[in-house]
Amino acid sequence: MPTDPDQILVTTGADHALGLVVRLLSRPGDAVLTDSPTYPHALDIVRRLNRRPLTVGLGADGWNLDDWESALREEKPRLAYLTPDFHHPTGLVMPAAARSVIADASRRSGTYLVVDEAMRELSLDGRPLPPPMASYSTPGHIITIGTLSKTCWTGLRVGWIRASKNIVARPAGLRRSGDTPNSILTQLIGLRVLESNDELLEERR
């Protein structure tokens, strides 16, 4: 995705990124729509911040679009959290048509769509993936989070938020009030990792 530096906020991993987005774009008691099952730590973050998880069950073939559209239309949650690429824990990949449907439905309901791409680069069979979820809408509506800890190694706690410039500037303000800063050394290691990203990814796969 074409991305300006002002659209990126560096975080200490994807979990940290998700927590910042939840704090910024919702209030205690608000609903956060997720898959069921989903990444357990994401649910922990939602509950710890006193938001209300609202779940839509995954079927054997993946995402039930009627259920997603219904939940978005009727509940109008502030946020929805998705892992469309190598979904955790099922490993499913969301088809392009489903991405378009969910992106459109969340935009109509006024729901911010938070897309976790931590696993996107770890295809084991080399098959091409659908375009990133963010390509189906504007940065003001779809927020992407990611991390180097899955593609490189767990101890490399460098993550990011990709969103519109206005959204990215707001969690930066939250971080000034008691948030743990990123280690400069860890970020420099991240830069070295990115220089050899293709080779490292091949080893990791």
Side-chain angles (χ1 to χ4, degrees), residues 1 3 7-25 32-49 53 55 58 62-63 79-96 98-99 102-103 106 112-137 139 142-163 167-168 171 180 182-183 186-187 189-194 196-205:
M1 294 291 296
T3 304
Q7 289 179 257
I8 296 291
L9 179 70
V10 178
T11 66
T12 54
D15 287 358
H16 180 221
L18 177 60
L20 283 171
V21 171
V22 171
R23 286 170 58 200
L24 172 73
L25 297 177
V32 178
L33 185 61
T34 71
D35 299 314
S36 179
T38 191
Y39 177 46
H41 287 183
L43 286 178
D44 291 343
I45 290 166
V46 169
R47 292 189 180 110
R48 187 174 68 245
L49 294 173
T55 60
L58 278 166
W63 289 263
L79 296 173
Y81 169 81
L82 276 174
T83 52
D85 299 301
F86 308 116
H87 174 271
H88 183 54
T90 67
L92 292 166
V93 174
M94 183 182 288
R99 295 172 193 239
I102 290 177
S106 61
Y112 289 104
L113 199 53
V114 184
V115 179
D116 190 338
E117 291 190 342
M119 307 297 288
R120 180 172 171 88
E121 294 186 279
L122 292 175
S123 172
L124 300 183
D125 57 11
R127 59 177 163 160
L129 294 175
M133 196 85 185
S135 66
Y136 294 87
S137 189
I142 295 182
I143 299 158
T144 301
I145 61 176
T147 180
L148 291 177
S149 67
K150 300 296 189 294
T151 53
C152 192
W153 76 87
T154 304
L156 187 56
R157 308 304 300 172
V158 178
W160 56 85
I161 298 169
R162 178 197 181 273
I167 288 176
V168 162
T180 303
N182 288 85
S183 159
T186 303
Q187 292 185 63
I189 293 170
L191 285 174
R192 291 293 298 272
V193 165
L194 290 173
S196 306
N197 195 46
D198 291 344
E199 300 164 35
L200 290 167
L201 277 174
E202 187 62 30
E203 292 180 14
R204 188 67 160 164
R205 293 187 189 105

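FYI, the numbering just counts along the sequence from 1. We use all heavy atoms of the structure for the numbers below, so side chains are in, but hydrogens, waters and symmetry mates are not.
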- Determine, stepwise, if the pair I102 / Y136 fulfils side-chain contact (heavy atoms from CB on, under 4.5 Å). CA-CA 9 Å; I102 290 177; Y136 294 87; over 6 Å; no
Under a 4.5 Å cut-off applied to non-hydrogen side-chain atoms, are [X] and [Y] in contact?
X: I167; Y: Y112; value: yes
X: L122; Y: R204; value: yes
X: M119; Y: H88; value: no

Donor-acceptor contact below 3.5 Å, side chain [X] vs main chain [Y]:
X: R99; Y: M94; result: yes
X: R120; Y: P84; result: no
X: R23; Y: L49; result: no
X: S106; Y: A103; result: yes
X: S183; Y: T186; result: yes

- Can you check side-chain contact (heavy atoms from CB on, under 4.5 Å) on W160 and I145, steps first, answer last? CA-CA 6 Å; W160 56 85; I145 61 176; 5.9 Å; no
State, to 0.1 Å, how close [X] and [Y] come at their nearest heavy-atom pair, and which atoms those are.
X: S137; Y: I142; answer: CB-CD1, 3.6 Å
X: D15; Y: I45; answer: O-CD1, 3.5 Å
X: W63; Y: D35; answer: NE1-OD1, 3.0 Å
X: M133; Y: L113; answer: CE-CD2, 3.7 Å
X: L79; Y: V22; answer: CD1-CA, 3.7 Å
X: H87; Y: T38; answer: NE2-CA, 4.2 Å

- Task: With side-chain contact (heavy atoms from CB on, under 4.5 Å) as the test, would you mind laying out the steps for S149 and R157 before giving the verdict?
- Result: CA-CA 6 Å; S149 67; R157 308 304 300 172; 3.5 Å; yes
- Checking side-chain contact (heavy atoms from CB on, under 4.5 Å) for the pair L194/L148: CA distance, chi angles, key distance, verdict? CA-CA 9 Å; L194 290 173; L148 291 177; 4.0 Å; yes
What distance do [X] atom [atom1] and [Y] atom [atom2] have between them, rounded to the nearest 0.5 Å?
X: E117; Y: L129; atom1: CD; atom2: CG; answer: 9.5 Å
X: T151; Y: E121; atom1: OG1; atom2: CD; answer: 6.0 Å
X: F86; Y: L124; atom1: CZ; atom2: CG; answer: 7.0 Å
X: L82; Y: L33; atom1: CG; atom2: CG; answer: 7.5 Å
X: R192; Y: C152; atom1: CZ; atom2: SG; answer: 12.0 Å

